[in-house]
Amino acid sequence: MNRGSIWRKWDLHVHTPASFHHQFRFLNEEEKEKYQLNIWEKYISELEEGSDVSVIGITDYFTIDGYKKILEYREKGRLQNFDLILPNIEFRLDKFVADRRLNYHVIFSDQIDADTIEREFLEELHIKTHTGEERKLTKENIEEIGRTLKDHEESFRGRSDYIVGCENVTVSLDEIIKVLKNKESIFTGKYILVLEEEGWDSINWAGQDHLTRKTILVQSHVIFSSSPNTRNWALGKRDLSPEQFIREFGSLKPCIHGS
């Protein structure tokens with residue numbers, strides 16, 4: 001029998017307990033006993049309760065540690081309620097709007113194994129120490145930077161080296177794109193670049209950062225946004241026609257939204 005289109009929900013922005021900034025907690029003593037103080041067991045169990053989402057993007061800042069953990073559970077027969085699980089790496093860019101940095105995502109195909117993403121992509125990116133020295137983007141280097149900053153700034157103390165490091169390091173979007181393009185045989189056609197609207201939408205089109213705002217959008221494939229106005233604009237259905245939008249920004253930009 002012929003079938004028409006099948007619509008499925010995708011949620012490509014799902015953080016894990018591996019993210020430096022997460023709010024996964026046990027609600028009471030009963031939960032602590034049930035999951036034996038293992039927050040990952042609670043996290044996986046609650047993900048397995050989802051019945052209406054087909055594909056998820058496992059998201060962490062600067063790392064795919066959470067994605068690797070998810071794959072371990074998947075290999076043991078857990079999380080079979082999802083048709084596909086993808087790795088989503090969230091970055092904080094070296095672009096500031098007011099007192100905050102812009103967030104940006106790279107979502108990879110599951111056809112690229114986790115070790116390759118770490119070795120050929122993440123470890124090819126660089127972060128900077130407080131003296132401006134470049135270091136490879138690794139957890140150890142993030143922790144080292146965080147430890148140094150805690151020694152210098154009293155307000156950072158009381159938090160882990162990793163959290164302080166993640167709160168302060170940034171990466172370059174130009175370098176992200178350069179690494180992906182320089183390794184075409186590995187990555188071509190197997191990733192999407194996603195601009196997070198929050199923060200970026202605060203840049204004034206009529207101000208001195210016009211080119212910055214435009215360049216970031218041109219380099220992106222997709223926008224993380226739940227705004228109908230943004231969706232219509234980015235599909236050439238509002239201020240600009242599709243042809244005008246493509247001429248100015250390189251391509252139409254579909255919007256996706258996650259939890």
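As a basis for the values below, the full set of heavy atoms in this structure was taken, side chains included, without hydrogen atoms, waters or symmetry mates.
Side chain of Asp201 to main chain of Gly199: a donor-acceptor pair is present (N/O by atom type, distance under 3.5 Å, no hydrogens or angles). Of the possible donor and acceptor atoms, none in the side chain of Asp209 sits under 3.5 Å from a partner among the backbone N and O of Thr212. In terms of modelled atom types and a separation under 3.5 Å, the side chain of Arg101 and the main chain of Asn168 share a donor-acceptor contact. Side-chain atoms of Arg213 come within 3.5 Å of backbone N or O of Ile203 as a donor-acceptor pair. Using modelled atom types, one side-chain atom of Ser225 and one backbone atom of Ser227 make a donor-acceptor pair closer than 3.5 Å. Checked by atom type and distance alone, the side chain of Arg157 pairs as donor or acceptor with a backbone atom of Lys150 at under 3.5 Å. Proximity of a side-chain donor or acceptor of Lys190 to a complementary backbone N or O of Asp110 within less than 3.5 Å is not detected. Here the side chain of Gln244 pairs a donor or acceptor atom with the backbone of Ser241 at under 3.5 angstrom. In terms of modelled atom types and a separation under 3.5 Å, the side chain of Ser109 and the main chain of Ile112 share no donor-acceptor contact. Here the side chain of Ser220 pairs a donor or acceptor atom with the backbone of Ile216 at under 3.5 angstrom.
Taking the six-membered ring for Trp and the full ring otherwise, the centers of His15 and Tyr61 sit less than 6.0 Å from each other. A ring-centre distance under 6.0 Å is found for Phe187 and Phe108.
A 6.0 Å sphere centred on CD of Glu46 holds more than 12 heavy atoms belonging to other residues, nucleotides or ligands. Counting non-hydrogen atoms of neighbouring residues, nucleotides and ligands closer than 6.0 angstrom, the NZ atom of Lys128 reaches no more than 12 such neighbours. Within 6.0 Å of the NZ atom in Lys178, the count of heavy atoms belonging to other residues, nucleotides or ligands does not exceed 12. Shown here is Glu134, whose CD atom has more than 12 heavy atoms of other residues, nucleotides or ligands within 6.0 Å. For CH2 of Trp10, the number of neighbouring non-hydrogen atoms (other residues, nucleotides, ligands) closer than 6.0 Å is 12 at most. Few gaps surround NE2 on His210; more than 12 heavy atoms of other groups in view lie less than 6.0 Å from it.
When hydrophobic clusters are built by joining Ile, Leu, Val, Met, Phe, Trp and Tyr residues whose side-chain heavy atoms come closer than 4.5 Å, directly or via intermediates, Leu193 is not grouped with Ile256. Ile107 and Ile177 fall into different hydrophobic clusters, defined by Ile, Leu, Val, Met, Phe, Trp and Tyr side-chain heavy atoms under 4.5 Å apart, directly or through other members. Side-chain heavy atoms closer than 4.5 Å link hydrophobic residues (I, L, V, M, F, W, Y) into clusters, and following such links, possibly through other members, connects Val106 to Leu173. Tyr191 and Ile223 fall within the same hydrophobic cluster, where Ile, Leu, Val, Met, Phe, Trp and Tyr residues are linked whenever their side-chain heavy atoms come under 4.5 Å apart, directly or through other members.
Between Lys214 and Glu248, at least one side-chain nitrogen of the basic residue sits less than 4.0 Å from a carboxylate oxygen of the acidic one, meeting the salt-bridge criterion. A salt bridge is absent between Glu123 and Lys136; no separation between the charged side-chain nitrogens and carboxylate oxygens falls under 4.0 Å. In summary, Glu72 and Arg74 do not engage in a salt bridge, as defined by a charged side-chain N under 4.0 Å from a carboxylate O. Electrostatic pairing of Glu29 and Lys32 counts as a salt bridge here, judged by a charged N lying under 4.0 Å from a carboxylate O. In summary, Arg159 and Glu167 engage in a salt bridge, as defined by a charged side-chain N under 4.0 Å from a carboxylate O. Between Arg25 and Glu31, none of the side-chain N atoms (NZ, or NE/NH1/NH2) sits under 4.0 Å from a carboxylate O, so this pair counts as no salt bridge.
To the nearest 0.5 Å, atoms SG (Cys166) and CZ (Phe91) are separated by 11.5 Å. With rounding to the nearest 0.5 angstrom, the CD atom of Glu153 is 13.5 Å from the OG1 atom of Thr148. Note that CD1 of Ile56 and CZ of Phe82 are 4.0 Å apart. Values are rounded to the nearest 0.5 Å. Distance check: Ile117 CD1 to Lys68 NZ gives 10.0 Å after rounding to the nearest 0.5 Å. Rounded to the nearest 0.5 angstrom, Glu197 CD and Leu102 CG are separated by 12.0 Å.
Ring geometry, Tyr43 versus Phe24: the interplanar angle exceeds 60°, so the pair is classed perpendicular (tilted spans 30 to 60°).
A search for side-chain hydrogen bond (donor to acceptor under 3.5 Å, both in side chains) contacts involving Lys95 returns nothing, not counting sequence neighbours.
For the pair Lys139 and Tyr162, the cation-pi test (distance below 6.0 Å, angle within 45°) is passed.
At a cut-off of 3.5 Å, with distance as the only test, no side-chain donor of Thr16 or Tyr67 sits close to an acceptor on the other residue. Using a 3.5 Å distance cut-off with no hydrogens or angles, the side chains of Asp60 and Thr63 do not pair a donor with an acceptor.
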Tabulate below the donor-acceptor pairs under 3.5 Å that side-chain atoms of residues 231-240 make, not counting sequence neighbours, or state none.
residue	atom	partner	partner atom	Å
Asn232	ND2	Pro228	O	3.3
Arg238	NH1	Asn229	O	3.2

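Minimum interatomic distance between Leu122 and Phe62 (heavy atoms only, all atoms of both residues): CD2-O, 3.9 Å. Of all heavy-atom pairs between Pro87 and Ile64, the closest is CB-CG2, 4.4 Å. Taking each heavy atom of Glu48 and Leu79 in turn, the nearest pair found is OE2-N, 2.9 Å.
With Leu86 as the fixed residue, the side chain to side chain contact (heavy atoms under 4.5 Å, CB included) test singles out one of Ile58, Leu12, Val14: Leu12.
Pairs engaging residues 79-88 under the side chain to side chain donor-acceptor pair (under 3.5 Å) rule: Ser54-Asp83, Thr59-Asn88, Asn88-His105 [sequence neighbours left out].
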